[in-house]
Structure formats: C-alpha cells, structure tokens
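Notes follow the structure.
For clarity, every value in this text was computed on a predicted model and none was experimentally measured.
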Amino acid sequence: MWDYSEKVMDHYRNPRNVGKIDNPDAVGEAGSLACGDSLKLYLKIENGIVTDAKFQTFGCGSAVASSSILTEMIIGKPIEEVKKITNKDIADQLGGLPPEKMHCSVMGHEALEDALKNYFDEEITIPLDEKVVCQCFNVTENQILEAIETNNLKTIEDVTNYTKAGGTCGRCKSAIKAILDSYWEKKDADKPKLTQTQKILKINSVIENQISPELQKDGGDIELIDIEDNKVYVKLRGRCSGCKNSHMTLKVFVEQTLRETVSSQIDVIEVQQ
C-alpha cells in the first residue's frame, strides 16, 4: 500500500475544477485509455492570464489529484509563468507522490504543454526523426531525456515510474538503460573529479550547510553516519524520523541534492533506528 500525503487524499476525494469549458481557448490531452490513464485539460485565457481551467480524467487517485492541483496552480497565473511549471512542481504541490505514481504528475505536465502548444498554434506532432523508445506507451527518447533531467532519474525503474516506458513488455529496457548511461556519463564528464577525501568533505559540507537547515525548518534533522565510496549512510532525526514520507525526503531531497552537488553516483541509505 502506498503512502499518500493529506493533500493528495484531499484533492482525490474533493477534486477541484472538474468538467469542461465551453469554447475554451486551449485544450490539451495526455495519456490514453489504452495506457490506463488519460487527461483532457481545458483553459480559458484572457490578456495573457489563465482565467479558468477544468479537467476530465480517467485514472487512479494520483491522476485525479495531480490534475486537480494543476488547475489550482495555473488559474490566475500569466501564461509566461505557467509555461515554467514542471511535473516536479505538481508533485511538490501535492506534498510528494509515491515513486510508482510520479507518471501522474508527468501526465498533468504533458497535458499542460499540449494545451499551450495548441494555444500558440505550434506543431505538436512527433517529428519523423524523433525515436519512439517504448512502443507500448508511445514514449519518445526526448520525453525520457526530459524526465531524466527534470527529476534526476537514475534507474530504469525510475524512468518507468515517471514515464511508464518499459512498464509492459519490457523490450525497451535495454534502450532506456543506454539513454540513462549516456546522459549521466556526459553529466559526470562536466564535473571536476574528486578524490575520496574531497568527496567526503564535500558531502559533509552539503549535509551541514544545505540539507540539515532545510529539514530543521520542519522540526527534523539528519545525521551523517558513514560513507563508503558512493554510498552515504544517514539517520533521520526529529520529526523526519517518524514521518511516513521519510523515504521521499531521502530520495527526492537528500539524495538529489547530493547528486547535483557532489556526484551523480551518490546513493543515500537510511540507517534504521
């Protein structure tokens, strides 16, 4: 059973802005019934401001909640600000989503992108030279790369959680791994090489000066226990130690921060009490 935040449950049980807009200025779609989830997003835009947004969705509670929170995020906002919203922003507004349900926030982002492309009368068909990696869910290489970059994805399972690619027959998993390997090799090549001593010092510094202060704001904290090569062993303290979303705190915040600032190979492991 997945752990959902109170905000996810609220938007699932009491979804906002459900329905359709007559004579909308933009309509965007994502997913498909064949894939299990689908979303249609309607926008009303006046003088560059989204004045109304409604949605129709078929899918799980996370899909409903992601669609609902998205409409609240964009109503009253300028188009230029709406353009900058990512799937991570949607998930963050919900207080996080289980990894297996992150594709629901991606679907919301894709529907928004589709609506904006329609509004600006941009070409929305897949270019002929763009490679479709997952035939089951029609996921392209560019979509996978965007998900990897936006969400700091490291494994095939991560990519499946965010895009559904590889979630059915699995024949595309080798291609997904090749995309992951190529992306992170290029990222690592751009970073200065650290000795193990330098890496330990930097990990210590990032935890003390960046991560710990953020956790302390919510009554939590983190303690560095040990470092073995790229494995960083930590213990959550305070309110973080008993939080049902502690796994997401470690992976989405702590691990990603260390991967972005120290090494993409960092793996954060919680030491149990």
Side-chain angles (χ1 to χ4, degrees), residues 2-5 86-106 144-163 176-177 179-194 196 198-273:
W2 294 299
D3 286 327
Y4 294 103
S5 70
T86 67
N87 75 276
K88 186 176 183 301
D89 295 327
I90 297 171
D92 288 346
Q93 283 292 317
L94 286 170
L97 284 170
E100 297 85 355
K101 293 295 181 179
M102 284 302 297
H103 64 269
C104 295
S105 65
V106 174
I144 291 173
L145 282 169
E146 182 180 355
I148 292 170
E149 183 172 14
T150 302
N151 304 286
N152 206 34
L153 308 185
K154 295 290 292 182
T155 67
I156 295 172
E157 183 181 8
D158 289 340
V159 172
T160 301
N161 288 337
Y162 279 76
T163 68
I176 295 171
K177 186 177 187 306
I179 294 170
L180 280 164
D181 290 345
S182 175
Y183 176 84
W184 287 113
E185 283 172 6
K186 290 177 182 176
K187 291 289 286 186
D188 283 342
D190 295 334
K191 290 182 179 179
K193 299 297 181 183
L194 299 175
Q196 187 64 14
Q198 290 172 326
K199 185 187 296 183
I200 291 170
L201 291 172
K202 189 161 188 179
I203 290 171
N204 244 315
S205 175
V206 172
I207 289 177
E208 288 182 4
N209 299 309
Q210 292 180 232
I211 297 173
S212 183
E214 288 300 314
L215 297 180
Q216 288 171 359
K217 291 178 182 179
D218 294 320
D221 207 346
I222 189 170
E223 178 185 356
L224 177 62
I225 302 300
D226 197 8
I227 300 172
E228 295 178 0
D229 195 18
N230 288 315
K231 295 185 185 298
V232 179
Y233 296 88
V234 300
K235 183 176 287 187
L236 292 173
R237 298 293 191 184
R239 292 180 63 182
C240 290
S241 62
C243 178
K244 64 180 181 180
N245 293 319
S246 61
H247 176 75
M248 293 196 66
T249 298
L250 285 174
K251 293 298 177 181
V252 176
F253 175 52
V254 178
E255 188 171 270
Q256 285 197 15
T257 300
L258 289 173
R259 285 177 174 179
E260 290 168 2
T261 55
V262 182
S263 168
S264 65
Q265 304 301 317
I266 294 291
D267 184 19
V268 175
I269 301 168
E270 182 178 10
V271 175
Q272 297 301 318
Q273 302 289 347

Ignoring hydrogens and angles, tell me if any N or O in the side chain of Ser5 forms a donor-acceptor pair with the backbone of Leu94 under 3.5 Å. yes

With no hydrogens and no angle check, is any side-chain donor or acceptor of Trp184 less than 3.5 Å from a backbone partner on Leu153? yes

Quick one: do the Gln216 and Asp221 side chains pair a donor with an acceptor below 3.5 Å? yes

Got Tyr162 and Met102 here, is their nearest side-chain heavy-atom distance under 4.5 Å? yes

Say you draw a straight line from CZ of Phe253 to CD of Gln210; how long is it, rounded to the nearest 0.5 Å? 8.0 Å

How close do Ser105 and Ile90 get, counting heavy atoms only, and between which atoms? O-CD1, 3.6 Å

Of all heavy-atom pairs linking Lys88 and Gln256, the shortest is CE-OE1, 4.2 Å

Heavy-atom donor-acceptor pair, Thr150 side chain to Ala147 backbone, under 3.5 Å: no

With no hydrogens and no angle check, is any side-chain donor or acceptor of Lys202 less than 3.5 Å from a backbone partner on Ser263? no

Minimum-distance pair of heavy atoms, taken over all atoms of Gly238 and Ser241: O-OG, 2.7 Å

Evaluate whether atom CD of Gln196 has more than 12 neighbouring non-hydrogen atoms of other residues, nucleotides or ligands under 6.0 angstrom away. yes

So among Thr257, Leu224, Val254, Leu201, which one has a side chain to side chain contact (heavy atoms under 4.5 Å, CB included) with Val206? Thr257

What one should report as the nearest heavy-atom pair of Asp267 and Lys251 is OD1-NZ, 3.2 Å

Audit row: Lys231, Glu228, salt bridge (charged side-chain N to carboxylate O under 4.0 Å, His left out) steps and yes/no: CA-CA 5 Å; Lys231 295 185 185 298; Glu228 295 178 0; over 6 Å; no

Start with the C-alpha gap between Arg237 and Glu223, add the side-chain angles, then the distance that decides, and say whether salt bridge (charged side-chain N to carboxylate O under 4.0 Å, His left out) holds. CA-CA 7 Å; Arg237 298 293 191 184; Glu223 178 185 356; 2.4 Å; yes

Have Asn230 and Lys199 got a donor and an acceptor in their side chains that come within less than 3.5 Å? yes

I need the minimum non-hydrogen distance between Pro213 and Glu208, along with the two atoms involved. CD-O, 3.3 Å

